[in-house]
Visitor: 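Pasting a structure below so you can have a look.
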Amino acid sequence: MPFDIARTRAAYPALTEGFAHFDGAGGTQTPQSVVDAVADAMRAALGNRSTAFAPGRRSLELVAAARTAVADLLGATAQGVVLGPSATALTYTLARALGATWRPGDDVVVSRLDHDANVRPWVQAAEAAGATVRWAEFDPATGELPAGQYAELVGERTRLVAVTAGSNAIGTVPDVATIAKIAHAAGALVCVDGVHSVPHGPTDLASLGADFLVTSAYKWSGPHLAAMVADPARWEPLRPAKLLPSSDAVPDRFEAGTPSFPLLAGVAAAVDHLAGLDPTATGDRRQRVRAGLAAAQAYEESLFDRLLAGLAAHPAVTVYGAAARRCPTVSFRLAGWSPAGLAAALGEAGLCLSSGDYYAYEYFRTMGLRDSGGAVRASVYHYNTADEVDRLLAELDRLARRRETMAG
Ligand SMILES: Cc1ncc(COP(=O)(O)O)c(C=O)c1O
């Protein structure tokens with residue numbers, strides 16, 4: 001059955017404003033069901049977590065429901081879902097806790113394809129422990145992150161390999177399962193950044209081979225919250241900095257302070273939204289979320305092919321990256337335009353695209369593009385349309401000629 005784009009778009013009230021959102025990689029729009037879940041939780045009597053009174057029990061239930069929903073999304077166990085304000089904050093929490101177990105002479109492996117949120121926390125934790133940092137390099141021509149290099153990078157003192165499941169700059173989907181096998185054979189742990197990949201297809205913690213996997217709900221129609229998931233046994237030996245009276249249990253031990261209970265209601269509602277993307281899907285929520293994301297993935301890929309073909313056909317456009325497996329995300333430049341100037345001109349036409357390095361710091365630095373403004377990024381999400389893609393391509397063509405006219 002074809003993806004029902006009219007039904008999908010109708011779920012998002014913000015789309016009536018008419019913008020074309022090619023900035024899902026920076027954050028998606030919010031379905032009405034998520035807005036309602038957050039508002040309902042705020043409207044209801046709500047207390048801080050307590051078993052003593054009903055409003056306190058509601059907060060306990062909201063936390064538990066968010067953990068179960070994220071577990072369904074990723075194929076994880078609810079007891080291993082640590083919730084937090086952002087992927088960056090959660091990765092720092094994990095890096096500090098793991099880093100406290102490292103010794104001088106240990107090493108960690110990070111990649112130059114990753115968002116800085118899965119690089120700098122590890123680099124800084126390694127520095128604090130006197131451990132060595134090893135770098136996995138991407139191929140500048142294709143944007144691939146060859147898995148074979150990890151056999152050289154990982155050794156018997158490697159404690160951790162941090163790698164992305166999808167580049168937020170150029171979409172590359174590395175062979176994480178092979179990288180994880182190499183890491184595990186040497187006894188190292190694997191932390192996978194799923195922030196960019198999770199919204200674009202079914203994800204399974206075990207098939208990735210991830211010991212830790214992080215995702216941010218605001219990239220998949222949810223509120224600005226995130227989760228780091230692992231087998232509870234992986235969390236058990238770790239001792240994060242925490243307050244004395246706060247819970248010492250897993251996963252609560254890793255969650256500092258009082259969470260936003262209403263936004264957690266939004267996290268669960270966002271997973272339900274993803275589980276409803278294929279209305280023909282049956283089974284439990286895990287099965288339906290996989291089906292929903294698989295349907296969205298096929299749809300997004302068809303739009304992305306159209307976008308890539310249009311960009312490739314334009315003589316004034318330079319596209320970065322050409323990985324075989326990729327999320328529907330592309331960075332490019334238009335001759336005669338700075339990335340920031342181009343994004344602003346597109347913005348005037350109601351086309352929302354990010355420019356700069358989007359914190360894919362090492363990628364743009366290695367490519368020699370960072371100091372001159374990075375690139376412009378178009379990222380396709382399940383509410384985009386073929387008409388929007390055509391609108392973007394037509395506007396790029398118009399802007400290419402406008403600048404050429406001005407120059408000539
Ligand atoms: C691939 C990737 N990793 C990590 C992050 C950081 O996520 P957060 O904003 O939740 O810290 C982002 C945000 O854009 C991202 O795209």
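Owing to the predicted nature of the structure, the values given are computational and were not obtained by experimental measurement. Remember, it's 1-based here, ligands and their atoms both numbered in the order they're listed.
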Visitor: By number and element, which atoms of ligand 1 are closer than 4.0 Å to a non-hydrogen atom of Y218?
Guide: 7 (O), 8 (P), 9 (O), 10 (O), 13 (C)
Visitor: Checking a contact table here: which protein heavy atom is nearest atom 15 (C) of ligand 1, and how many Å away?
Guide: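 Closest protein heavy atom to atom 15 (C) of ligand 1: H115 CD2, 3.2 Å.
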Visitor: Give the atom numbers and elements of ligand 1 that come within less than 4.0 Å of a heavy atom of S216.
Guide: 7 (O), 8 (P), 10 (O)
Visitor: Examine distances only and state if a side-chain atom of E255 and a backbone atom of L83 form a donor-acceptor pair shorter than 3.5 Å.
Guide: yes
Visitor: Less than 3.5 Å apart, any donor N or O on the side chain of S221 or Y381 sitting next to an acceptor on the other?
Guide: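 Yes, side-chain donor-acceptor contact under 3.5 Å.
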Visitor: Counting both backbone and side chain atoms, is some N or O of D193 under 3.5 Å from an N or O of ligand 1?
Guide: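 Between D193 and ligand 1 (N or O atoms, distance only) the closest approach is under 3.5 Å.
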Visitor: Using modelled atom types only, decide if a donor and an acceptor are shared between the side chain of D284 and the backbone of Q287 within a distance under 3.5 Å.
Guide: yes
Visitor: For the pair R49 and S247, evaluate side chain to side chain donor-acceptor pair (under 3.5 Å) and give the outcome as yes or no after the intermediate values.
Guide: CA-CA 12 Å; R49 282 171 288 191; S247 169; over 6 Å; no
Visitor: Counting non-hydrogen protein atoms only, what is the nearest one to atom 13 (C) of ligand 1? Give residue, atom name and distance.
Guide: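 The answer is K219 NZ, 3.1 Å.
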Visitor: Could you tell me whether some N/O pair between T88 and ligand 1 is separated by less than 3.5 angstrom?
Guide: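 Looking only at distances, the answer is yes, because the N/O contact criterion of under 3.5 Å is met.
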Visitor: I'd like to check which ligand 1 atoms, numbered from 1 as shown, lie under 4.0 Å from a non-hydrogen atom of N168.
Guide: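 Answer, ordered by atom number: 1 (C), 16 (O).
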Visitor: When you compare ligand 1 with A87, is there at least one nitrogen or oxygen pair between them that comes in under 3.5 angstrom?
Guide: yes
Visitor: Going by salt bridge (Lys or Arg N to Asp or Glu O under 4.0 Å), name the residues that satisfy it together with E300, two or more places apart in sequence or in a different chain.
Guide: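 Applying salt bridge (Lys or Arg N to Asp or Glu O under 4.0 Å) to E300 gives none.
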Visitor: In a table with atom names and distances, give each donor-acceptor pair under 3.5 Å that connects a side chain of residues 186-196 to protein atoms at least two apart or in another chain.
Guide:
residue : atom : partner : partner atom : Å
D193    : OD1  : V195    : N            : 2.8
H196    : NE2  : T329    : OG1          : 2.7

